[in-house]
Visitor: 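Structure provided below as structure tokens; questions to follow.
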Amino acid sequence: MSTISSYLLVSTNLAKWRAITAKKPEVANQTKYFQENISKVKSADELLGNARLFGYAMNAFGLGDRITAKGLMRQVLQQGVTDSDALANKFNNPNIRAFAMAFDFKDNGASTTASPALLKNVVDRYTETTLEADQAKQNPGVELALYFERNAPNLTSVYGILADKKLLTVVQTALGISPLTSAQPVDTQKRLLSNKVNLADFKDPKKLQAFIARFAARYDSANGGAGGATSIGLNPPNALLLGA
């Protein structure tokens with residue numbers, strides 16, 4: 001199946017796929033532990049001190065590659081999101097900011113983890129992230145498309161694209177921008193994308209789907225047909241040199 005066909009198969013039946021993912025034994029066991037224990041956590045240090053809870057939370061927000069960066073994440077949690085100079089805001093990474101907002105110990109203190117909304121938010125994100133990772137095993141392009149559909153509408157700045165490897169890969173692929181441009185100064189990249197991307201389009205369901213379809217077609221072309229087996233972030237240097 002093509003990337004767009006596989007993506008639509010999941011995207012148009014998300015509730016079903018989420019339910020299937022949530023019932024997988026490894027997912028259900030991790031979720032049960034999180035649900036039963038997160039309310040016992042009263043501070044950022046306690047969250048960081050429980051590897052299982054911290055790992056679940058980080059993976060839920062797409063930050064699994066930063067699990068070992070505990071010093072950095074401690075600062076993120078301690079500084080919160082209210083101050084414009086807070087680390088979570090300086091990163092321009094929507095996942096880090098969402099994580100800091102969810103676990104806002106700075107403003108909400110010990111009551112942070114008592115919120116039913118927090119529990120649902122994190123569990124839903126963990127399920128969706130796992131679903132996307134499962135799709136990546138068959139076709140990494142489907143994972144990217146699902147991830148983009150879920151996160152692109154929340155973008156408030158082009159810097160948010162540049163700070164997120166998956167979002168950036170989708171945008172570069174859809175627009176035929178060489179990934180080698182990532183070696184350029186951030187402000188240069190920002191100007192380039194600002195001339196090509198209208199973030200408001202991603203809030204329009206029809207325009208969002210059209211952009212994803214464009215990405216999927218170019219992704220298949222670059223990867224030898226229906227998705228290929230190229231992993232995110234590990235593309236050969238010239239794999240996405242598609243031209244304008």
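Computed from a predicted structure; not experimentally measured. Hydrogens, waters and symmetry mates are skipped; everything else that's a heavy atom, side chains included, is used.
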Visitor: Between atom CG of Leu77 and atom CG of Leu72, what is the distance when rounded to the nearest 0.5 Å?
Guide: 9.5 Å
Visitor: Classify the side-chain pair Asn50/Tyr33 by whether it contains a donor and acceptor separated by less than 3.5 Å.
Guide: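 Yes, a side-chain donor-acceptor pair sits under 3.5 Å.
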Visitor: Could you tell me whether the side chain of Thr31 and the main chain of Val27 form a donor-acceptor pair under 3.5 Å?
Guide: yes
Visitor: What distance do Tyr219 atom OH and Asn139 atom CG have between them, rounded to the nearest 0.5 Å?
Guide: 5.5 Å
Visitor: How far apart are the closest heavy atoms of Val41 and Leu47, and which atoms are they?
Guide: CG1-N, 3.5 Å
Visitor: Treating Gln184 as the side-chain partner and Gln189 as the backbone partner, does any N or O pair qualify as donor plus acceptor under 3.5 Å?
Guide: no
Visitor: Evaluate the ring planes of Phe34 and Phe103, with Trp represented by its six-membered ring, and classify them as parallel (under 30°), tilted (30 to 60°) or perpendicular (over 60°).
Guide: perpendicular
Visitor: State whether a side-chain donor-acceptor pair under 3.5 Å links Ser2 with Asp220.
Guide: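 No, no side-chain donor-acceptor pair sits under 3.5 Å.
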Visitor: With a 3.5 Å distance limit and no angle check, can you tell me whether Asn59 reaches the backbone of Gly55 through a side-chain donor-acceptor pair?
Guide: yes
Visitor: Are the side chain of Asp204 and the backbone N or O of Ala200 linked by a donor-acceptor pair below 3.5 Å?
Guide: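 No.
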Visitor: Measure the CG-CD1 distance between Leu131 and Ile20 for me, rounded to the nearest 0.5 Å.
Guide: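 Separation between the atoms: 9.0 Å.
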Visitor: Which is it for Asp45 and Phe105 under the side-chain contact (heavy atoms from CB on, under 4.5 Å) test, yes or no, and what are the steps along the way?
Guide: CA-CA 10 Å; Asp45 283 337; Phe105 292 102; over 6 Å; no
Visitor: I'd like to check the side-chain hydrogen bond (donor to acceptor under 3.5 Å, both in side chains) partners of Ser43; sequence neighbours left out, ordered by chain and number.
Guide: none
Visitor: Salt bridge check: are Lys166 and Glu143 linked by an N-O gap of less than 4.0 Å?
Guide: yes
Visitor: State which residue, out of Gln135, Lys137, Met1, fulfils the side chain to side chain contact (heavy atoms under 4.5 Å, CB included) condition with Val142.
Guide: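 Among Gln135, Lys137, Met1, the one meeting side chain to side chain contact (heavy atoms under 4.5 Å, CB included) with Val142 is Gln135.
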Visitor: Quick one: does Gln35's side chain have a donor or acceptor within less than 3.5 Å of a partner on Leu119's backbone?
Guide: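 No, Gln35 side chain to Leu119 backbone: no donor-acceptor pair under 3.5 Å.
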Visitor: Ignoring hydrogens and angles, tell me if any N or O in the side chain of Lys42 forms a donor-acceptor pair with the backbone of Ser39 under 3.5 Å.
Guide: yes
Visitor: Determine whether the side chains of Ser11 and Gln209 contain a donor N or O and an acceptor N or O closer than 3.5 Å.
Guide: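 Side chains of Ser11 and Gln209: no pair found under 3.5 Å.
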Visitor: So, applying side chain to side chain donor-acceptor pair (under 3.5 Å) with Lys24, which one of Thr127, Asp134, Asn29 is it?
Guide: Asp134
Visitor: Between the main-chain N or O of Gly141 and the side-chain N or O of Thr3, is there a donor-acceptor pair closer than 3.5 Å?
Guide: no
Visitor: For Gly80, is there any backbone N or O sitting under 3.5 Å from a side-chain donor or acceptor partner on Asp104?
Guide: no
Visitor: Salt-bridge test for Asp83 and Lys106: reply yes if a basic N is under 4.0 Å from a carboxylate O, no otherwise.
Guide: no
Visitor: What pairs of residues pass the side chain to side chain donor-acceptor pair (under 3.5 Å) test when at least one of them lies in residues 117-126, not counting sequence neighbours?
Guide: Lys120-Asp124, Asn121-Arg125
Visitor: Any chance you could measure Met73, atom CE, to Leu48, atom CG, to the nearest 0.5 Å?
Guide: 8.0 Å
